[in-house]
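In what follows, every heavy atom counts, from backbone to side chain, and hydrogens, waters and symmetry copies are set aside.
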Amino acid sequence: MQELGRLEDLPEDYRAALTAQNLVPLWPSLRAVLPPGKPTIKTRPTVWPYQPMRPLLMKSGELTPMEKAERRVLVMANPGHSLEKMQASSTIYLGMQLLLPGEWAPAHRHTPNAVRMIVEGEGAYTTIDGEKCPMHRGDLILTPTGMWHEHGHDGKAPVVWLDVLDLPIVYYCEASYVTEGKAQTVDAEAIDRAYQRGGVVPAPMFQRSGKTFPMLRYPWADVRKALEAIATTQPEVEAVQVAYVNPENGHDCQRILGYSALMLRPGETVKFPARSTAMVFHQVEGGTEVAAAGHQFRLADADTCCIPGYERINLKNLSADTPSFVFTADDAPLQKKLGVYEVRSRENTP
Ligand code: 1HN
């Protein structure tokens with residue numbers, strides 16, 4: 001590739017004249033913004049093991065009362081993006097949230113979309129636009145853009161969950177803000193209760209609701225059953241994997257980030273081709289080795305890692321006799337909408 005002129009090659013008075021007019025020459029920066037063959041990637045392969053995080057999270061419960069936190073979260077930041085940016089990848093925010101018995105995280109709504117993957121504890125719930133969603137280990141609960149949400153806890157032990165948000169990209173768009181609200185009234189008759197499983201949707205008098213976010217809670221028990229059914233009935237399938245989708249139309253359940261669950265059969269290795277999206281892996285049950293970009297992360301229960309885009313990824317079940325269950329997040333829905341989503345064949349991956 002042709003080497004291009006540098007900023008220092010230009011006369012100082014010319015550079016000053018450009019600056020005075022808020023102008024910048026393109027050519028000294030062109031190779032940086034359009035590198036050959038593969039983007040410049042800040043996201044580093046990073047693991048956030050749960051065991052060392054847990055005592056720090058519990059300590060935050062002693063140090064900071066709910067009134068002083070609103071949401072008591074330790075953010076899982078990728079060092080490649082500098083920690084204060086709160087980015088696990090270019091588009092993905094990850095945090096581990098703690099709610100203690102009796103606590104309440106007040107109602108608000110905001111433009112970024114969130115999901116919660118429940119990690120431990122019983123008795124907590126999220127209320128979303130009046131629908132009360134109980135939290136159990138492995139459940140996925142959506143709080144899409146613009147929907148009121150608050151968290152409560154009637155149980156006896158701490159509850160912890162993983163928050164995944166598209167905050168970095170919505171913030172980058174200068175479109176991120178919050179509105180405070182009053183405690184919601186739980187609506188036991190919410191029509192959304194009819195969307196508790198895929199395959200059938202309410203259609204009174206043949207009218208489909210066409211709701212943008214009809215299903216807010218994806219119980220782990222159902223997801224696990226779906227994975228086990230695939231493993232049993234399709235032993236030849238390359239990856240036992242299900243996507244979290246909108247039951248009205250089968251599209252991704254949210255518009256920016258996409259979510260899936262994977263089952264690795266005992267001893268199984270799954271090889272993903274390099275894709276343009278960074279990926280997050282969170283261990284729901286069992287243990288998995290995530291190998292990519294020269295790193296090997298051994299995920300145990302509730303561990304989370306992030307792998308940058310354009311890397312091949314091998315997932316290996318660390319057990320020869322029990323299955324491993326992994327939750328994934330990526331920004332494929334966004335990249336597909338932008339038209340930049342790519343899957344690279346093995347030959348095309350350096
Ligand atoms: C938020 O609203 C929650 O509602 C959690 O639990 C984490 C991180 C950034 C911005 C908003 C919640 C968040 C958040």
Side-chain angles (χ1 to χ4, degrees), residues 70-71 73 75-76 85-97 105-118 125-133 135 139-152 161-187 190-196 198 201 208-218 243-260 277-278 280 282 327-341:
E70 219 165 278
R71 299 293 190 267
V73 179
V75 179
M76 295 143 80
K85 292 270 176 63
M86 304 198 296
Q87 287 174 279
S89 76
S90 61
T91 56
I92 302 176
Y93 160 104
L94 296 176
M96 208 58 96
Q97 182 161 172
H108 68 189
R109 61 179 184 176
H110 41 68
T111 47
N113 297 272
V115 303
R116 335 217 167 264
M117 165 55 52
I118 316 310
Y125 58 89
T126 297
T127 306
I128 306 152
D129 275 6
E131 182 178 343
K132 186 172 176 177
C133 299
M135 295 175 160
D139 291 353
L140 186 74
I141 297 174
L142 313 189
T143 53
T145 179
M147 294 180 80
W148 293 109
H149 56 282
E150 63 196 79
H151 316 299
W161 63 82
L162 173 72
D163 290 312
V164 188
L165 282 85
D166 50 22
L167 178 67
I169 187 68
V170 178
Y171 181 78
Y172 185 79
C173 292
E174 298 189 338
S176 176
Y177 71 96
V178 71
T179 310
E180 281 191 7
K182 293 198 285 281
Q184 300 168 73
T185 314
V186 172
D187 177 7
I191 181 85
D192 314 63
R193 297 192 128 274
Y195 287 99
Q196 288 187 348
V201 298
R208 297 274 292 276
S209 84
K211 279 177 168 243
T212 314
F213 303 107
M215 188 165 166
L216 297 176
R217 177 166 178 266
Y218 297 74
Y244 290 87
V245 300
N246 177 333
E248 272 287 350
N249 56 24
H251 298 168
D252 298 305
C253 66
Q254 289 192 340
R255 288 183 283 218
I256 296 179
L257 300 183
Y259 303 97
S260 86
T277 56
V280 169
H282 172 79
F327 169 68
T328 82
D330 64 32
D331 58 5
L334 173 69
Q335 289 204 355
K336 286 175 183 171
K337 288 183 180 75
L338 297 177
V340 298
Y341 180 75

Students often mix this up, so state it plainly: with edges at 30° and 60°, are the rings of H108 and H110 parallel, tilted or perpendicular? perpendicular
Fit a plane to each ring of F327 and Y259, take the angle between them on a 0 to 90° scale, and name the class: parallel (under 30°), tilted (30 to 60°) or perpendicular (over 60°). parallel
Can you check whether [X] reaches [Y] side chain to side chain, under 4.5 Å on heavy atoms?
| X | Y | result |
| --- | --- | --- |
| W148 | T179 | yes |
| E131 | M147 | no |
| S89 | L94 | no |
| H149 | P106 | no |
| C253 | L142 | yes |
| M86 | Y171 | no |

Tell me whether [X] contacts the main-chain N or O of [Y] through its side chain, where contact means a donor paired with an acceptor under 3.5 Å.
| X | Y | answer |
| --- | --- | --- |
| K337 | R255 | yes |
| D331 | I92 | no |
| T145 | N113 | no |
| T111 | Y177 | yes |
| T91 | I169 | no |

Partners passing side chain to side chain donor-acceptor pair (under 3.5 Å) against [X] (at least two apart in sequence or in another chain):
| X | value |
| --- | --- |
| Y341 | R275 |
| E248 | Y195, R208, S209 |
| D139 | R217 |
| Q184 | E150 |

Check the pair I141 / M135 against side-chain contact (heavy atoms from CB on, under 4.5 Å), numbers first and verdict last. CA-CA 8 Å; I141 297 174; M135 295 175 160; 3.7 Å; yes
Taking every non-hydrogen atom, the tightest pair across [X] and [Y]:
| X | Y | value |
| --- | --- | --- |
| P333 | D330 | CD-OD1, 3.9 Å |
| C133 | L216 | SG-CB, 4.3 Å |
| V201 | P247 | CG1-O, 3.4 Å |
| V73 | G95 | CG1-CA, 3.7 Å |

In Å and rounded to the nearest 0.5 Å, what is the [atom1] to [atom2] distance from [X] to [Y]?
| X | Y | atom1 | atom2 | answer |
| --- | --- | --- | --- | --- |
| Q97 | I118 | CD | CD1 | 9.5 Å |
| D129 | D187 | CG | CG | 10.5 Å |
| F213 | Q254 | CZ | CD | 6.0 Å |
| Q335 | S90 | CD | OG | 7.5 Å |

ring-ring contact (aromatic ring centres under 6.0 Å, His included) filter on Y93, not counting sequence neighbours, yields none
Salt bridge (charged side-chain N to carboxylate O under 4.0 Å, His left out) partners of residues 161-178, not counting sequence neighbours, each pair once: R116-D163
